[in-house]
Amino acid sequence: MSAVLEEAVRDVAAAAAVRALPAGCFHCGLPVPAAGNWHATIGGNVQRMCCPGCAAAAEAIVDGGFADYYATRTAYAAQADIEAANAPELDLLDGAGLDGEASFTVEGIRCAACVWLIERRLRQLPGVLDASLNVATERLFVRWDPATCRPSVILRTLRAIGYGAFPYDAQRHGERLERARRKLFRQLFVAGLSMMQVMMYAVPVYMADEGTMDAAMTALMHWASFVLTLPALLYSAQPFFAGAWRDLRRGMPGMDVPVALGIGAAFAGSVHALLAGAGDVYFDSVTMFVFLLLGSRYLELNARRKAAGALERLQQGLPPSALRLRGNAHLRDTELVRAASLRVDDLVLVRAGQAAPADGVIVEGTTEVDLALLTGESRTQARGVGDAVPGGAVNVAEAIVLRVSSTAHDSLLSMLVRLVERAGQGKPALALWADRVAAWFVLALLGLTVLAWFAWQQVDPGKAWQVAIAVLVVSCPCALSLATPTALAAATNRLLRRGVLAVQPHTLETLDRATHVVFDKTGTLTHGRPLLRQTLSVGGMAGLDCLRVAAALEADNPHPLAQAIRDAAAAENGDAAHAERTQFTVGQGVAGWVDGRYYRVGSAAWVAGVAGGAARAAVPAGTTSVWLGNSEGWLARFDLADGLRPEAAEVVRRIRAGGKAVVLLSGDEQHAAQAVAAELGIPTAIGGKLPQEKLAYVRRLQQDGAVVAMIGDGINDAAVLRGADVSFAMGRGAELAQLHADGVLMGDSLAPLADTLDTSRRTLAVIRQNLTWATVYNLAAIPAAAMGLLNPWMAGIGMAASSAVVVLNALRLRKD
C-alpha cells in the first residue's frame with residue numbers, strides 16, 4: 001500500500017471513529033473514564049465530563065453567561081487542556097511587543113457557535129476593544145487597551161474555554177495550510193483511483209450490445225462499481241458535504257450545496273436502481289464528479305497559497321534574532337538576543353547577507369542594502385554612516401553597525417505587516433455582493449431542479465432523475481463566490497511585490513471608479529526634502545539670528561520645511577537656541593518663547609496674527625516661504641525649494657490618459673502650487689489650504705458626484721486621506737497618514753501609483769470577464785441540462801472546467 005493510501009486509510013478510520021463514539025463527555029464527546037468523577041452544571045442539569053480540563057472549560061463558559069453555546073453548537077468542542085490555560089510562559093508574551101493589537105491563531109473551532117462564543121467572551125474582557133475571528137483562516141484579530149488588558153489574559157481566557165490559542169505565527173500557519181493541501185491531495189488521489197476502477201466496470205456495460213451481457217453479469221458490474229464508489233463518497237467527497245452543511249447552517253447556501261445534492265442524489269438513485277434491479281446507475285458519474293471537482297478545488301487552493309506568498313515573505317522579513325554589541329562597538333563583542341528585545345539606541349551588528357532586525361541608523365560601515373521586500377525596488381541602494389536602514393532591509397555588502405531607532409515592533413516592516421493583517425479582516429463590497437447573489441443563485445437553481453424533475457416525470461419518468469442530477473451539477477456559481485475574491489487576491493499579491501500595499505478591501509474597486517485624483521505637493525509630487533535657498537531679513541534682527549530662532553521653534557516639528565530650517569541652522573555652526581512653551585498649529589506654524597520673547601514661525605497669515613499687517617516682500621517663483629515675526633513686526637522670510645520627483649510628470653500623464661481629472665491641492669502658497677502644477681501639466685492647482693479646507697474641497701467634489709482618490713504624505717493630510725473615497729500615503733511619509741490611508745506606496749517613488757491604477761483597471765476587467773463567462777456558461781449549460789441534452793458525467797466535466805477557467809483567468813493578474 002502506498003504512503004498516500006495509508007494516510008487516506010488513517011483519515012477514514014479516524015473519521016469513522018469519531019462518528020462511532022458513544023455519548024460521552026458533554027463538552028468534547030470523548031468517552032468518560034469509568035473512574036472519572038468530573039461534572040459541570042449546564043442549564044440546570046449536571047453533565048458528565050471526561051477530564052478536569054473539560055469540566056473547567058464548561059464551567060468557564062457557563063459562568064461567563066454563554067451556556068447557549070451548548071444549545072446552538074453543531075459539533076463537539078475539542079478536549080480542553082487545563083494545563084495550557086495556566087502555562088506560566090504566557091506571561092512572557094506581555095513583554096513581546098504586542099501592544100494594543102495583534103492577530104492570534106485559534107485552534108479547535110468546530111462550528112459557528114465557536115465563533116459566537118470566542119468573540120463574545122473576549123469582548124467581555126475589560127480593556128478589549130474589538131475581537132474578530134476569521135473562521136476560514138482560524139485567525140483572530142484583537143484590539144485592546146494596553147493599560148487594562150494584556151496578551152496573556154487574552155490567551156488564558158481562550159484556553160480556559162477550551163481553545164488552543166497562540167500569537168499568529170506565519171510558519172505555523174504555513175504548516176497548517178500545507179497539511180490541508182496534502183489532505184486534499186489524498187482525497188483527490190483516492191477519488192481518481194476510485195474513478196478509474198469504477199470505469200473498468202462501467203465501460204463494458206456501456207459497450208455491450210443487446211444480448212451480449214446477461215443480467216447477472218450486469219448486476220455484478222454494478223455491485224462492484226457500488227463498492228468502489230464508497231471510498232470516493234465517504235472520504236473524498238467530505239469537503240463538499242461539510243461545506244454544504246456549513247452553508248445551510250449559516251443560512252447562505254453556497255456552491256457546495258448543489259454539488260453535495262448532486263453527488264448525494266446520484267448515489268442514492270444508483271443504490272435504489274441497484275436494489276430494485278431496474279433503472280440506470282450513476283456510480284461512474286459520482287466518482288467523476290468528485291474527482292473533477294476536487295481537482296478544481298485543489299487548483300483553487302494552490303492559487304490562494306500563491307496569492308498569500310508575498311504576505312508570508314513580508315511577515316518573515318524581520319529576523320527572529322539580532323547580534324547586539326556589548327561595550328565598545330569596535331571590539332565586535334556581540335551577544336545573540338531576540339529581535340523583539342531590542343531597545344532604542346542599542347547597537348547591533350548586521351553582517352553581509354543578514355536582514356536588519358529593526359529600524360536603525362548606520363554608525364559604522366558603508367554598504368548596499370536590498371529593499372525589495374519593502375518597496376519592490378530590485379536595485380540595491382548605497383548606504384553609509386548617518387543613513388537610515390529600515391528593519392527587514394537585507395545587507396548585501398559589508399558588515400555594518402546600526403544604532404536602533406525604533407524597536408522591532410515599531411519598525412516600518414512591522415507596521416506594514418499589521419496593516420496587511422488588518423486588510424485581511426474584511427471583504428470588499430464586490431465580494432460581499434457576490435456572496436449574496438451566489439446564495440440567491442443557488443436557491444433559484446434548486447427550484448429549477450425541482451421543476452425540471454416534475455416536468456420530466458410527465459414526459460419521460462426514466463430520465464427525470466438523470467436530468468435533475470445534471471442540472472444540480474452543471475451550474476457554476478464559482479465566478480461569483482470563487483473567482484472574484486481570487487482575482488482581488490491575485491491583484492493584491494502583484495501590487496505587494498511592486499511595493500504597493502492595499503490596506504482596505506475596497507481599494508482597487510474604488511480606485512478604478514475614481515473620477516478625480518488629488519495630489520498633495522510637498523513629499524508627494526516633490527521629494528519632500530526641501531532646502532533653504534535664502535534667508536531674507538525684513539526686520540531689525542540679523543538673518544542668522546532669525547534662522548537660529550526659527551530652528552529652535554521648529555525643533556519638534558516633523559514637517560519637511562521645518563527639517564530644512566533645522567538643517568540650515570545646524571550647518572551654520574552657530575549657538576543653538578532653545579524654545580519654551582511651543583504650540584504647534586496644524587497647517588499654520590509654531591508659536592513659542594525663545595530667550596524670553598514670543599515668536600511665531602510659519603505661514604504669512606499665521607505670523608500676521610502677531611506681527612500685524614501683511615507680508616510685503618515678493619516671493620520668488622517656485623519657492624515656498626516660511627515667515628518669522630513677533631509683536632514688534634515681521635522679522636524674516638525663509639525661501640525654500642524642493643525638487644520634483646523625476647517620475648511625477650509621467651505618472652500625471654498616465655492618470656490623465658486614463659480619463660481621470662488631476663488636481664494639486666496644497667497647503668503651500670498658491671504661487672508655489674501653481675508653479676509645480678504648470679511644470680507637471682496639472683490643469684488645476686489650489687494652494688494655501690489648511691487641512692480642514694482640503695477636506696472641505698474634497699467633500700465638495702464628492703457632493704458634485706465625483707469619486708475622489710487622494711495621495712498625500714504628511715500629518716496634515718490625515719483628515720483628507722480619511723475623507724476621500726480612496727487614498728494612498730507615501731511610504732516615507734508620516735505614520736499617521738499611512739494609518740488613515742486605504743493604501744501605502746511603500747517605496748520612495750510615485751511610479752507604483754500609475755501601476756496600481758492599471759492593476760485596478762485590469763482586475764475589474766478580469767472580474768467582469770469572469771462574470772460574463774459564468775453568465776454565458778450558465779445560460780447555455782443549465783437549460784441544456786434541464787432539456788436532457790447533458791448526461792451527469794458531461795455536466796461534471798462542464799462544471800469543473802468552468803471553475804478552472806475563471807481561476808486561471810484570475811491568476812493572469814499575478815503576471816508582470
Side-chain angles (χ1 to χ4, degrees), residues 5 8 12 186-210 212-241 256 258-298 449 452-453 456 460 462-476 781 784-785 788-804:
L5 272 179
V12 171
R186 291 196 299 273
Q187 291 170 325
L188 178 65
F189 179 84
V190 170
L193 199 62
S194 181
M195 179 187 69
M196 288 187 290
Q197 297 297 316
V198 170
M199 285 298 177
M200 289 176 59
Y201 295 98
V203 172
V205 175
Y206 288 141
M207 298 182 65
D209 295 330
E210 188 172 353
T212 58
M213 183 176 290
D214 58 29
M217 181 58 71
T218 302
L220 178 61
M221 294 289 190
H222 287 170
W223 276 103
S225 298
F226 165 74
V227 173
L228 292 169
T229 301
L230 290 177
L233 183 77
L234 299 179
Y235 176 61
S236 299
Q238 284 179 4
F240 307 113
F241 291 119
D256 281 336
V259 169
L261 284 176
I263 294 172
F267 184 78
S270 301
V271 171
H272 180 267
L274 184 63
L275 295 176
D280 295 326
V281 297
Y282 307 107
F283 294 123
D284 54 332
S285 298
V286 171
T287 55
M288 186 178 291
F289 296 161
V290 176
F291 175 73
L292 292 176
L293 295 175
L294 277 178
S296 174
R297 186 157 296 193
Y298 188 74
T449 303
W453 187 84
W456 276 95
D460 184 356
K463 292 189 65 175
W465 203 243
Q466 173 183 320
V467 168
I469 295 170
V471 172
L472 283 173
V473 173
V474 79
S475 63
C476 182
L789 301 178
L790 296 178
N791 290 322
W793 65 269
M794 295 171 64
I797 292 177
M799 198 284 189
S802 178
S803 298

Who are the side chain to side chain contact (heavy atoms under 4.5 Å, CB included) partners of [X], not counting sequence neighbours?
X: Ala785; answer: Ala470, Val471, Val474, Leu790
X: Leu220; answer: Met217
X: Ala191; answer: Ser236, Val290, Phe291, Leu294
X: Thr229; answer: Val198, Phe267, Phe283, Val286, Thr287

If you take all heavy atoms of [X] and [Y], which pair is closest and at what distance?
X: Ala452; Y: Val467; answer: CB-CG1, 4.1 Å
X: Leu274; Y: Ala219; answer: CD1-O, 4.4 Å
X: Ser270; Y: Tyr282; answer: OG-N, 2.6 Å

Value rounded to 0.5 Å, distance of CZ in Phe189 from OH in Tyr235: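 OH of Tyr235 is found 11.0 Å from CZ of Phe189.
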
Nearest 0.5 Å, please: how far is CZ in Phe241 from CG in Leu233?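 Those atoms lie 5.0 Å apart.
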
Is there a side-chain contact between Thr218 and His222, using heavy atoms and a 4.5 Å cut-off?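 Sidechains of His222 and Thr218: in contact.
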
Tell me if a side-chain donor or acceptor on Ser194 pairs with a main-chain N or O of Leu228 at a distance below 3.5 Å.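 Between the backbone of Leu228 and the side chain of Ser194 there is a qualifying donor-acceptor contact (under 3.5 Å).
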
So, the side chain of Ser225 versus the backbone of Met221: is there a donor-acceptor pair under 3.5 Å, distance only?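 It does hold such a pair.
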
